[in-house]
Amino acid sequence: MRRMLEATVRGRTIRAVTLSGLRLREPVAPSLPRRLRGRTIAGLGRTGKYLLVDLDGGLTLLSHLGMSGRWLFFPAAPPDALEHVHARLAFTDGAQLWFQDTRRFGLLRLVRTAALARDPALAALGPDAVAEPPTGATLHGLARGATPAVKSFLLDQRRIAGLGNIYASEILHRAGVDPRRRAGSLGADEWERVAGAVRAVLGEAIGLMGTTFSMYRTVWGEPGGFGERLRVYDRAGAPCRACGTPVRRIVQGQRSTFYCPACQPRSRPRGRARSAGTGTS
DNA sequence: ATCCTATCCTGTAGGC
DNA sequence: TGCCTACAGGATAGGA
């Protein structure tokens, strides 16, 4: 989304902003329209799942899509009727940018750019999965002693920022790691495979402009291209694209997890031979 | 400190 | 058709 907005709205000047008045994850400040009016979008940034719309004058619009949020760009006439639109930014050249969010778990918050890093939403985030992709050794160190399942571990934004429920399942499938394993139990070789899968999955998904299995759309209203490339997510009962075994769905931390029981075996496939230490007792 | 659950909200799909 | 439950891309407050 950051890249798409960079290509569409950077450099445009805001003429007017209107709000729905409905509460999102938190109330949207009623002062937002007044504070945004007349400002030019200087650039687009991102940390984890937070989008940063940098404006001239030292302000940044911090935004999060939650589960169902969308930014929609209209170069000229926007649609007559569209439900669940909570902010409409009209630019001086006639283009518009709308924030639509059916479930209202999203976020729109205006902050001073200089204080951005201290904003509570960003301060607790771990290194960004794309900007600072973790090495296997980094992940291994972060997971030392961690008892949650590796799937839940990957979703924890305080350790690595930016991975969500779809990509967590896809990453573990590509890495050949069972999502039920406790994070602290993975070996260095397995974390290396996870680290490689983080880069591979995110790189490919971003290149294809995101993942649509249902409602997600690009800023131009098109489905993202990665949905067709999903190997396990939302494919319960369907054959694994690698080996044909039916994909399983389980629930971890109230979130669905999808995995292939053959490609992601419960125990480590290599190192079957017992270590030399066994005979010493 | 760490881990886990319930909760916020609306829409849709599937079973009966 | 209508009614019911389960589930959907996330973060977080609060209890164990």
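Computed from heavy atoms alone, side chains included, the values below leave out hydrogens, waters and symmetry copies. We name chains A, B, ... by the order of the sequence lines, and we start the count at 1 in each one.
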| said: Please determine whether a side-chain nitrogen or oxygen atom of S256(A) lies at a distance below 4.0 Å from atom OP1 or OP2 of dA8(C). | reply: yes
| message | Quick check on dG10(C): is either OP1 or OP2 less than 4.0 Å from any side-chain nitrogen or oxygen of H64(A)? | response | no
| query | Taking CG from L62(A) and P from dA11(C), how many angstroms apart are they, rounded to a whole number? | reply | 12 Å
| Hey, does the side chain of R34(A) reach the backbone of P30(A) with a donor-acceptor pair shorter than 3.5 angstrom? | no
| query | Looking at A87(A) and L108(A), what are the two nearest heavy atoms and their distance? | reply | CB-CD1, 3.7 Å
| request: Using a 4.0 Å cut-off on protein heavy atoms (strictly under), produce a 5'-to-3' string for nucleotides 9-16 of chain B with B for base contact, S for backbone-only sugar-phosphate contact, and - for none. | output: BBS-----
| query | In whole Å, what is the span from the CD atom of E26(A) to the C1' atom of dT7(B)? | reply | 16 Å
| query | With a 4.0 Å cut-off on heavy atoms, is R70(A) in touch with a base, just the backbone sugar-phosphate, or nothing at all? | reply | nothing
Scan nucleotides 12-16 of chain C against the protein and return all N/O pairs shorter than 3.5 Å with their distances rounded to 0.1 Å.
none

| request: May I ask you to say whether R2(A) pairs ionically with E6(A), meaning some side-chain N is under 4.0 Å from a carboxylate O? | output: yes
| Quick one: R255(A) CZ to dC7(C) C1', roughly how many Å, whole number? | 11 Å
| Within 6.0 Å of CZ in R182(A), more than 12 heavy atoms from elsewhere | no
| message | Can a donor-acceptor pair be found, under 3.5 Å and without considering hydrogens, that links the side chain of E132(A) to the backbone of V130(A)? | response | no
Distances under 3.5 Å between protein N/O atoms and the N/O atoms of nucleotides 1-4 of chain B, please, pair by pair.
| unit_1 | atom_1 | unit_2 | atom_2 | d |
| --- | --- | --- | --- | --- |
| dC3(B) | OP1 | T147(A) | N | 3.2 |
| dC3(B) | OP1 | T147(A) | OG1 | 3.1 |
| dC3(B) | OP2 | R159(A) | NH2 | 3.3 |

| remark: Partner of dA1(B) under the Watson-Crick or G-U wobble criteria, both distances under 3.5 Å, comes out as none
